[in-house]
Amino acid sequence: MSDPLDILRQYWGYTQFRPLQREIIDNALNGRDALALLPTGGGKSLCYQVPALCREGVTIVVSPLIALMKDQVYNLQRRGIPAAAVFSGMNRRALDIVFDNAVQGGYKLLYLSPERLLTDLARERIRRMPVNLLAVDEAHCISQWGYDFRPPYLQIAELRALIPHVPVLALTATATPEVVEDIQEKLQFRKKNVFQQGFARPNLAYAVLYEAKKRDKLIDILRNVPGSSVVYVRTRGEAEQVAEFLKRARLSADFYHAGLPPEKRNMRQDAWIQGRTRVMVSTNAFGMGIDKPDVRTVVHMHLPDSLEAYFQEAGRGGRDGQKAYAVLLYAPVDADNLRRAWESAFPPLDQIRRVYQALTSYAQIAVGAGAGESVGFDLSAFSVAFSLEHGLVFAALRLLELDGWIALSDAALQMARAHIHVSRETLYDYQLRNPQADAITKILLRAYPGIHHDLVEINEDFVAKHAKMEVATVVQILEAAQRADILTYLPRTDKPQLTFLQPILPADQLVLSTERYAWRKQRALERLEASVRYAETRSCRSQLLLDYFGEKNAEPCGICDVCTGRNDPEVPDALFAALEQKVRELLRNGPMDLNELLGKFPQKRHEAVAKVLNYMREEQILREKEGKLFL
C-alpha cells in the first residue's frame with residue numbers, strides 16, 4: 001500500500017494535508033465507515049481520491065451532479081489518474097464499455113449517478129469489480145430532513161451486500177444534527193463515526209444589505225473590497241447579464257453555468273483561479289470541487305431558500321483564513337417572492353398526475369415498461385407541447401423525483417463521445433466500402449488515440465473542420481457507423497436526462513402519499529423561514545447560523561454587520577415617521593414598484609426606507625399586486 005503523503009505529493013504537488021484530511025484517509029484505509037463533515041473548500045474530494053490511489057482496485061464515487069462528475073473526471077485524467085463516469089442518458093453499449101473497463105481494472109475512480117447505481121447491469125458488474133472504497137459525495141441527499149433529498153440515495157446501502165467488506169466514506173459540507181444521524185443510519189454504518197470541523201468561520205464577515213438597485217450596489221461592493229469574488233444569481237440568463245453589466249463598469253468579470261461546454265467551463269474556471277478574471281458570476285453550479293483560498297467576497301443577489309445552500313456557497317469566501325465578506329443583497333419583497341415560489345412548488349396531486357401522464361406520452365414508453373430508461377428532456381418544449389404551465393411542470397417533476405418515480409439530471413452539456421469497438425481489420429474493410437467514413441475515421445484515430453479502448457469525448461465541430469464537411473454530415477456518418485455496429489456514438493446534448501426509475505403506470509394508479517406531501521411542504525416552509533430570519537435578524541448572523549447547524553451557545557462573532565452596527569436595525573422614531581409619511585404621500589398618487597419608490601429617496605436613506613416599507617407591509621398598511629405597491 002502506498003503512503004498517502006507520497007500520493008498527495010506525486011499527483012497534486014502538495015506537501016501536507018489540511019486539517020482532518022489525513023485522519024479521514026487513514027480511517028478509510030483501515031476499513032472503517034465514516035462521515036466527513038468538512039466546510040466548503042475543505043478538500044473533501046482528496047479524502048477519497050488519495051485512498052483510491054493508495055490501494056489496488058477501484059473506488060466507486062456516488063455523486064448527484066453530472067457537471068461535477070465530469071469536472072472531477074476531467075481533472076483526474078489531466079493528472080494522469082484513470083477515471084470515468086456513468087450517468088443518465090448513456091445507452092447500454094456505452095455502459096458496457098465503462099463497466100467492463102472498471103471490472104478489468106482500467107480505472108482508479110468510477111463516478112456513478114445514484115439512479116444508475118443499482119440497475120441490474122450495475123449490480124452485476126460491481127459484484128465483479130475490485131472495489132476498495134465506496135464514497136458518497138453530497139451525502140446530505142440521503143436524508144429527507146436535508147435540503148436536497150434524492151430518493152435514489154436511499155438505495156446506496158443495498159450496495160453493501162454486493163461489496164460487504166468495503167468501507168463507506170460519506171461526505172458533505174452542510175448537515176444539521178438530524179441529518180448527521182440520518183446519514184449514518186441510512187448508509188448502515190457498522191459504528192457511528194463522524195469527522196467534523198466546526199462551522200464557525202471567524203474571518204468571514206456576514207452582512208445583509210437592504211437594496212433595491214442591487215446591481216449598482218454590487219459594483220459599489222466590488223470597488224470597495226479588492227480581490228477575487230463570486231457572485232451568485234438564480235438563472236443562467238442572469239449570470240450572463242450581470243457579468244456584462246460588470247464588464248461595462250470596467251470590472252474584470254465572466255459568467256459560469258452548467259450549460260457551457262466543458263472546455264469553456266474549465267477555461268473560465270482556470271482564469272478565475274489564476275486571478276486573470278476577478279469576478280465570477282454564476283449559478284449554484286460553480287464552486288463545487290474548486291479550491292481557491294483567496295476569495296475576498298461572495299455576494300448573493302437573491303435570498304436562497306435554505307440556510308444549508310447559503311452557508312455552503314457563502315463559505316467559499318476566505319478559505320485562506322484572511323478577512324472575507326459574505327454579502328446578501330436583500331429587499332423585503334424577496335421574502336414574499338420566496339413564499340410565492342414555495343406555494344407554487346407544491347401543486348395539487350391531480351396536477352402532478354396530469355404531468356406524469358404527459359411524461360409517459362412524451363417518452364412513448366408502454367405501460368408496465370420503462371424502468372431505468374432515459375430520455376433527453378427539454379422542459380420548455382415539453383410544456384408547450386402538452387399545454388402545461390412551465391412552473392407547474394417544474395414543480396411536479398421535483399415532487400415525482402422526491403417520491404422516487406423519476407430522476408432528472410442537471411442540464412450539463414454532454415460532449416459527444418465515441419468508441420470504436422471492432423477489430424482493425426473490420427474497421428479497414430468498412431473504410432474501404434465507405435469513403436466518407438474513411439476520412440472521418442482517420443481523423444478520429446489520429447485525434448483521439450484512446451478511442452479503441454474506451455468511450456472518449458470527441459468534438460464534432462473539430463472533426464467536421466478537418467474533414468471539410470458540414471457538422472450535420474459528420475453526425476449522419478457517425479450514426480450510420482453505429483447502425484453498422486462499427487462504433488458506439490453518443491451525440492452532444494445539453495438537455496437534462498429524464499430517467500424513469502419504476503415501470504410506467506396509468507396516471508390514475510400513480511401512488512402519491514398525501515402525508516409525505518404535507519410533511520415536505522411544511523419542511524420546505526421551515527427552511528425558507530429560517531432563511532428569512534437570517535436576512536432580517538437583529539442578532540449576530542454567525543451565531544444564528546451556528547445555532548441552526550447545532551452549535552448552541554456560540555459567542556457573537558464581532559465582525560458581522562449586526563455586531564459592528566454597520567447595519568443598525570433601529571431607525572430613529574422621528575425619521576421613521578417622516579419616511580412613512582412621505583411613502584404615503586407618494587403612493588396616494590398611484591401604485592409604484594419598489595425600485596421606483598426607493599428612487600424618490602436619497603441613496604443613504606434606502607435601508608431605512610426598506611425597513612419602513614417592511615413594517616407597513618406587515619401591518620397591512622401597504623399591499624402589493626403585480627409587483628406594484630399601493631395603500
Side-chain angles (χ1 to χ4, degrees), residues 33-35 48 58-66 68-69 85-90 92 95 98-99 102 109-129 131 133-172 175 178-190 356 369-374 397-410 496-505 510-513 516 519-520:
D33 300 333
L35 167 59
Y48 59 81
V58 60
T59 288
I60 291 177
V61 185
V62 183
S63 177
L65 299 173
I66 291 177
L68 180 57
M69 284 195 288
V86 170
F87 43 79
S88 301
M90 295 173 68
R92 174 65 186 245
L95 294 170
V98 175
F99 281 134
L109 293 108
L110 177 63
Y111 288 77
L112 290 99
S113 59
E115 70 276 2
R116 283 294 183 206
L117 188 63
L118 285 172
T119 60
D120 290 340
L121 179 62
R123 283 172 184 265
E124 177 203 339
R125 304 302 173 83
I126 288 170
R127 200 190 305 272
R128 293 158 45 198
M129 285 180 201
V131 181
L133 178 65
L134 173 59
V136 183
D137 206 4
E138 306 298 327
H140 56 269
C141 294
I142 205 170
S143 176
Q144 296 198 53
W145 292 98
Y147 71 103
D148 194 18
F149 172 58
R150 304 200 180 206
Y153 263 66
L154 292 173
Q155 297 178 299
I156 295 172
E158 295 176 27
L159 202 59
R160 304 205 72 165
L162 304 179
I163 45 175
H165 305 299
V166 173
V168 172
L169 175 57
L171 308 104
T172 185
E178 300 99 322
V179 173
V180 168
E181 290 298 311
D182 213 16
I183 289 170
Q184 297 175 85
E185 179 187 327
K186 295 292 194 303
L187 289 174
Q188 298 177 9
F189 275 26
R190 299 177 183 96
Y356 176 80
E373 291 194 33
S374 297
L397 290 175
R398 178 62 180 145
L399 293 168
L400 288 167
E401 194 170 24
L402 287 173
D403 262 8
W405 292 101
I406 63 167
L408 189 65
S409 75
D410 53 310
Q497 294 292 309
L498 178 75
T499 304
F500 290 93
L501 301 180
Q502 300 186 43
I504 300 295
L505 292 175
L510 186 71
V511 178
L512 299 169
S513 168
R516 281 201 303 269
W519 183 82
R520 285 173 182 147

- Message: Under a 4.0 Å threshold between the charged nitrogen and the carboxylate oxygen, would Arg398 count as salt-bridged to Asp148?
- Response: yes

- Note on the structure: One should read off an interatomic distance between Glu138 CD and Thr172 OG1, to the nearest 0.5 angstrom, of 6.0 Å

- Side-chain contact, heavy-atom cut-off 4.5 Å: Val511 with Leu505? no

- Item | Tyr153 (side chain) donor-acceptor with Lys186 (main chain) under 3.5 angstrom | no

- Message: Which heavy atom of Ile126 sits nearest to which heavy atom of Val131, and what is that distance?
- Response: O-CG2, 4.3 Å

- Task: With Leu162 as reference, evaluate Arg128, Glu124, Met129, Arg123 under the side-chain contact (heavy atoms from CB on, under 4.5 Å) test and give the passing residue.
- Result: Arg123

- Item | Under 3.5 Å donor-acceptor, Glu115 side chain and Leu501 backbone | no

- Message: Below 30° counts as parallel, above 60° as perpendicular, anything between as tilted: where do the rings of Tyr111 and Tyr48 land?
- Response: perpendicular

- Item | Shortest non-hydrogen contact between Ala139 and Ile183, atoms and distance | O-CG1, 3.6 Å

- Query: Could you state the interatomic distance from CD1 (Ile406) to OG (Ser374), rounded to the nearest 0.5 Å?
  - Reply: 11.0 Å

- Flag, side chain of Glu401 to backbone of Leu408, donor-acceptor distance under 3.5 Å: yes

- Item | Flag side-chain contact, heavy atom, 4.5 Å: Val62 against Leu159 | no

- Message: Between Ser113 and Arg150, do the side chains contain a donor N or O and an acceptor N or O under 3.5 Å apart?
- Response: no

- Item | Test item: Gln155 and Leu117 side chains (from C-beta on) under 4.5 Å apart, heavy atoms | no

- CZ on Phe189 to CZ on Arg160, rounded to 0.5 Å: 7.5 Å

- List the steps, then state whether side-chain contact (heavy atoms from CB on, under 4.5 Å) holds for Val179 with Tyr147. CA-CA 10 Å; Val179 173; Tyr147 71 103; over 6 Å; no

- Item | Thr499 OG1 to Arg116 CZ distance, which is reported to the nearest 0.5 Å | 5.5 Å

- Message: If I take atom CG from residue Leu121 and atom CZ from residue Phe99, how far apart are they, to the nearest 0.5 angstrom?
- Response: 5.5 Å

- Query: Would you call Arg520 and Asp403 a side-chain contact if the rule is heavy atoms closer than 4.5 Å?
  - Reply: yes

- When rounded to the nearest 0.5 angstrom, what is the spacing between CZ in Arg516 and CG in Leu399? 11.0 Å

- Start with the C-alpha gap between Ile156 and Leu134, add the side-chain angles, then the distance that decides, and say whether side-chain contact (heavy atoms from CB on, under 4.5 Å) holds. CA-CA 10 Å; Ile156 295 172; Leu134 173 59; 4.1 Å; yes

- Item | Close side-chain approach of Ile504 and Tyr356, heavy atoms under 4.5 Å | yes

- Query: How close do Ser63 and Pro114 get, heavy atom to heavy atom, and via which atoms?
  - Reply: O-CD, 3.4 Å

- Task: Give the C-alpha distance, both sets of side-chain angles, the deciding distance and a yes or no for side-chain contact (heavy atoms from CB on, under 4.5 Å) between Trp519 and Gln144.
- Result: CA-CA 10 Å; Trp519 183 82; Gln144 296 198 53; 3.8 Å; yes

- Message: Could you go through Ile142 and Leu154, starting from their C-alpha distance and side-chain angles, then the distance that decides it, and tell me whether this counts as side-chain contact (heavy atoms from CB on, under 4.5 Å)?
- Response: CA-CA 6 Å; Ile142 205 170; Leu154 292 173; 4.2 Å; yes

- Test item: Asp33 side-chain N/O and Arg190 main-chain N/O as donor-acceptor pair under 3.5 Å: yes

